[in-house]
Each structure stands twice: as C-alpha cells, then as structure tokens.
2 protein chains.
Amino acid sequence: MRPNKKDELVRKALTVFYRDGFHATGMDKLVAETGVSKTSIYKHFRTKEELIVAVLKLRDESFREWFEKRVDELADTPAGKILASFDALEEWFEEDSYRGCMFINAGAEYNCKDDPIRVEAAHHKQVLLEYFTELARQAGARDPGILGCRILLLKEGAIVTSSLLGTAQPACDAKETARILLDEALKR
Amino acid sequence: MRPNKKDELVRKALTVFYRDGFHATGMDKLVAETGVSKTSIYKHFRTKEELIVAVLKLRDESFREWFEKRVDELADTPAGKILASFDALEEWFEEDSYRGCMFINAGAEYNCKDDPIRVEAAHHKQVLLEYFTELARQAGARDPGILGCRILLLKEGAIVTSSLLGTAQPACDAKETARILLDEALKR
DNA sequence: CTCAAGGTGTACTGATCGGTAAACTTTTGC
DNA sequence: GCAAAAGTTTACCGATCAGTACACCTTGAG
C-alpha cells in the first residue's frame, strides 16, 4: 500500500467514525466502507485505538485548516475574525453531515484520562484556545488569555447545543455574546 | 422484583454507564455490577436502549434536583443564582467521578437524530434552558430568553472544556463571563 | 400442606467484536 | 526476466455482544 493509500484509509475511516461513532464502528464495517482489507489496516496500525488516534490527528489538522481559512475569508481585523469564527461555525452546523465535535465525541467514548485518544482531544482544544488567545491579543484585549478562554467556552457551548438541539441557532447566540465580551475586553 | 428494586437497578446502571460509557458497557458487565440477573433486567426493559432511556430520565430528574437545590443554597437573588450556578458546576467538576455531561455523552454515542436517547438528551437541555430563562426573567433581564441561551452556552462550554482538559477552571471563567452578560442584560 | 404464579440464575443463541495466520497476487529492484 | 518484498484475500481465532429458553426457587393464597 503506497503512503497516500494509508492517508486515504485514514480519511475514509474519519468519515465513518464521525458518522457512526467509535465503538459503534467495527473493523469489519471499516473494511467494507474503505475497501481496504483488515490485514492491510493492521499493517499500518497495530490496534483500532492507534487508527483512531491517526484519524483524530488528521481531523485536528484539517478542521483547523478549514476553520482558520474560512475565518480569514470572512474578516480582515482580529476583532472581526473573532466574530467571524461563529459565522464559520454556523456554516459547519448547517452541513447535513454535522455530528458535533469529533473530539468531544471521542472524549465521551474514551474516558480513561490518560488514554491517547483523550490526550489528542485535549490537545485539539488547547491549540484552539491558543488561536483565540492570539486573536484576542492582536485585537488589543485587556487580558487576551481570559478573552480567549471565554470565546472557547462559547464555541464549545455552541457546538454541543446545536448538535443536541439540531439547530444552528446557537452559533448566532454565541456570536452576539462574543460581541459583548469583545466590547468589554476593549473598553477603557 | 419489587418496584423499588427496579429503581435500584436503574440507579446502579446509571453509575456504570456514566463511568464507562454506553457502548462500552455490555449487559454482562451490568449483571456483574448491579447484582441483577440478565433475565430480570429484560423483564423490566425490552432492550438495552430502553434501559438507557430510563437511566437518562433518572439522571435528568436527579441532576436538576441537585443542581437547583445547590443553587438555592448558594444564593438568594435571581441574579445571584445565575452566578451561583457556576459555583455549583465547579463543585461537580471537582468530583472524582466527574465524567462530563451524561446527555452530551449519550448524544455522542447515539447520533441518529430521532433516537429516543437523543430526544431525552435534547429534552434535558431544553428544560435547563427554561430554568435559566426563568432566572433571567426574575432578575429583570432585558430579554430573558436571550440571556438564558447565553448562560446555557456558557454552562455547556464549561462542562465540555473542564471534562476534556481535566480542570475545574472553566467554571470560574464561565462565572466571570456570566457576570458580564448579566450586567449587560440589566443596564439601562 | 399444596399448588400456582412470578421472579431468578444458568446456560445458551447467532452475530459481531478486535485481531491474526497463511496462502495468494502484485509490485519492485536488479 | 526473476526473485524478493510488499500488499491482499480468505478464513479463522477466542471473547464478547444483545437477547432468550428453561429449569429452579421463592412466595402467597387457600
């Protein structure tokens, strides 16, 4: 299997895991949906967990790439980008395939706190926090770390709420809330 | 099995499902941990899903009972109760057994949008939204519905973040954020 | 005491779980 | 062109999955 075949396996596995969940997706289903035989899968990944970690690494990379690119398209100023984040989220929520945040879902299924899957999920959130904190700094927030935390809270809340309630509305609520926090962080 | 035995089964099943997850908890493990034989379990619940729904109904009831009671103990005024919500959450986050929100976790594992498990999860969030909205109304918020939404976003965000990052800190961040939103909703 | 009714534990079902052994086919290096 | 290496297929492993058949035991009524 050529190296790009491995990437394609991970890419296809990502789709299935995201759609159906981790425990609910057996290796046999993965074989059927990716077209890659089980033996080949186990040539590249020693266990299902290892495959899941690879899937999460890809997800981290591609989600952030998409998100940051979309935010850059939607706004020019740092403050504008913070608000535009929620427009980008809204677009995501409205996709038919939207199934919440894959890292939150992974954390829900793998609870042992030093599980590599959970570590990967925590890492993703940490990197997003740094992204928002950097935007907050560029926007001139009084305390960029605190504003970053707050924006992250709104983002996570919007993801969970929109997923469970089945509406993209929380993205708008979060955006208006972010506007208030931004004002507060810039005044004086 | 006497009726209170059934409740005890659901209570014990709740502990196991919350600790280990839904798909990762087989009926055999449930038999071992509850001391109730499989035959007896299936006398009361036709399927595992039906048992899970019963567990979620109990969780909804007991969580809200604990939460609202704790908030009432911590504050007297409606605005104070909104802020005290995050103190109550912080206490929850610090429990050793804390494993995030059971409804978010359930939604992560059961993605089919009309699955009764998912419906139960959505219902729980809806009821909490009404709780916060009512507090916002009593506090004299300009638009109680909007403030309620925002507080809910903060709560969900804090739950997810504290669960993945393994720290109760997001409860404090969310509380300070709620204070800003409250001020904004009361001014003028 | 007897007998019926309902709750219980044991042992099992076929299906699927994650993972592997070994034969077979394709690709690669020389 | 030919052999070694890499990838694939098929068939299988024991364990566990959700769910059930049935014998057993307890209980309450007469």
Side-chain angles (χ1 to χ4, degrees), chain A residues 1-57 102 105-106 108-112 114-118 120, chain B residues 1-57 105-106 108-112 115-118 120:
Chain A
M1 180 181 266
R2 296 178 301 285
N4 57 345
K5 285 266 183 180
K6 177 173 174 176
D7 293 345
E8 199 186 326
L9 160 64
V10 175
R11 226 194 56 234
K12 287 181 178 170
L14 193 155
T15 305
V16 183
F17 279 131
Y18 183 58
R19 168 166 40 87
D20 297 341
F22 297 96
H23 282 107
T25 299
M27 297 307 284
D28 291 323
K29 187 197 285 183
L30 239 36
V31 169
E33 298 234 19
T34 65
V36 179
S37 75
K38 216 188 283 199
T39 311
S40 297
I41 296 178
Y42 279 97
K43 275 270 152 61
H44 295 290
F45 304 99
R46 277 176 307 177
T47 63
K48 183 185 178 183
E49 270 225 352
E50 217 171 78
L51 170 59
I52 293 176
V53 170
V55 163
L56 291 180
K57 281 184 196 294
M102 194 169 194
N105 295 348
E109 293 206 48
Y110 298 88
N111 328 72
C112 179
D114 44 5
D115 189 311
I117 292 177
R118 226 179 152 69
E120 201 55 38
Chain B
M1 180 182 267
R2 297 179 300 284
N4 56 344
K5 285 265 183 180
K6 176 174 174 176
D7 293 346
E8 199 186 326
L9 161 63
V10 176
R11 227 192 56 235
K12 287 181 177 170
L14 193 155
T15 304
V16 182
F17 279 131
Y18 184 58
R19 168 169 37 88
D20 297 341
F22 297 97
H23 282 107
T25 300
M27 296 307 284
D28 290 323
K29 186 197 284 183
L30 238 35
V31 169
E33 298 234 20
T34 65
V36 179
S37 76
K38 216 187 283 198
T39 311
S40 298
I41 295 178
Y42 278 97
K43 273 273 150 58
H44 294 290
F45 304 99
R46 277 177 306 176
T47 63
K48 183 184 178 184
E49 270 225 353
E50 215 172 80
L51 169 60
I52 293 176
V53 170
V55 163
L56 291 179
K57 282 183 195 295
N105 295 348
E109 293 206 46
Y110 297 88
N111 331 70
C112 177
D115 190 311
I117 291 177
R118 223 178 155 69
E120 202 56 38

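Values below: all heavy atoms of this structure, side chains included; hydrogens, waters and symmetry mates excluded. Throughout, protein chains are lettered first and strands after them, A, B, ... in sequence-line order, and every chain is numbered starting at 1.
- One atom, NE2 of B:His44, and another, C1' of C:dG7, lie 8 Å apart when rounded to the nearest Å.
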Could you list, one pair per line, each protein nitrogen or oxygen that sits under 3.5 Å from a nitrogen or oxygen of nucleotides 21-23 of chain D, together with the distance?
| unit_1 | atom_1 | unit_2 | atom_2 | d |
| --- | --- | --- | --- | --- |
| D:dA21 | N6 | B:Thr39 | OG1 | 3.1 |

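- Separating the NE2 atom in B:His44 from the CG atom in B:Asp7 is a distance of 9.5 Å, to the nearest 0.5 Å.
- At a non-hydrogen distance threshold of 4.0 Å, B:Thr47, B:Lys48 from residues 45-53 of chain B come into contact with DNA chain D.
- Put simply, CG on A:Leu30 is 10 Å from P on C:dC17, counting in whole angstrom units.
- To the nearest 0.5 angstrom, A:Leu14 atom CG is 11.0 Å from A:Leu9 atom CG.
- Distance CD/A:Glu50 to CD1/A:Ile117: 10.5 Å, rounded to 0.5 Å.
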Just the table, please: protein N/O against nucleotides 12-16 of chain C N/O, every pair under 3.5 Å.
none

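- The interatomic distance linking B:Tyr42 (OH) with D:dC17 (C1') rounds to 9 Å, in whole Å.
- Partners of B:Phe45 under the ring pair (Phe, Tyr, Trp, His ring centres under 6.0 Å) rule, at least two apart in sequence or in another chain, do not exist in this structure.
- Remark: P of D:dC17 and NE2 of B:His23 are 12 Å apart, rounded to the nearest angstrom.
- For A:Ser37, counting side-chain heavy atoms from C-beta on, the closest listed nucleotide (D:dT20, C:dT8, D:dT9) is D:dT9.
- For the pair A:Ser40 and D:dT8, the criterion of a side-chain N or O lying under 4.0 Å from OP1 or OP2 is met.
- A salt bridge links A:Glu120 with A:Lys57; the closest basic N to acidic carboxylate O contact falls under 4.0 Å.
- Remark: the backbone N or O of A:Leu30 is not paired with any side-chain donor or acceptor of A:Lys12 at under 3.5 angstrom.
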Between the protein and nucleotides 23-26 of chain C, which nitrogen or oxygen pairs come in under 3.5 angstrom?
none

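- Following rounding to the nearest Å, B:Leu9 (CG) and C:dG9 (P) show an atom-to-atom distance of 12 Å.
- Under a 4.0 Å N-O distance rule, the pair A:Glu33/A:Arg19 qualifies as a salt bridge.
- Contact annotation: the side chain of B:Cys112 never approaches that of B:Arg118 to less than 4.5 Å [non-hydrogen atoms, C-beta and beyond].
- In this structure, B:Phe17 and B:Leu51 have side chains that are in contact, with non-hydrogen atoms separated by less than 4.5 Å.
- Between B:Tyr42 and B:Met27, the shortest heavy-atom distance links the atoms OH-CG, 3.5 Å.
- Note that CG of A:Asp28 and NZ of A:Lys38 are 3.5 Å apart. Values are rounded to the nearest 0.5 Å.
- Rounded to a whole Å, the CZ atom of A:Phe22 is 13 Å from the P atom of C:dG18.
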Can you check side chain to side chain contact (heavy atoms under 4.5 Å, CB included) on B:Val36 and B:Val31, steps first, answer last?
CA-CA 5 Å; B:Val36 179; B:Val31 169; over 6 Å; no
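- Under the side-chain hydrogen bond (donor to acceptor under 3.5 Å, both in side chains) criterion, B:Asp20 pairs with B:Lys29, sequence neighbours left out.
- To the nearest angstrom, P of D:dG7 lies 11 Å from NZ of A:Lys6.
- Counting to the nearest Å, the P atom of D:dA18 and the CD atom of B:Glu109 are 11 Å from each other.
- Ring centroid separation for the pair A:His23 and A:Tyr110 comes in under the 6.0 Å cut-off.
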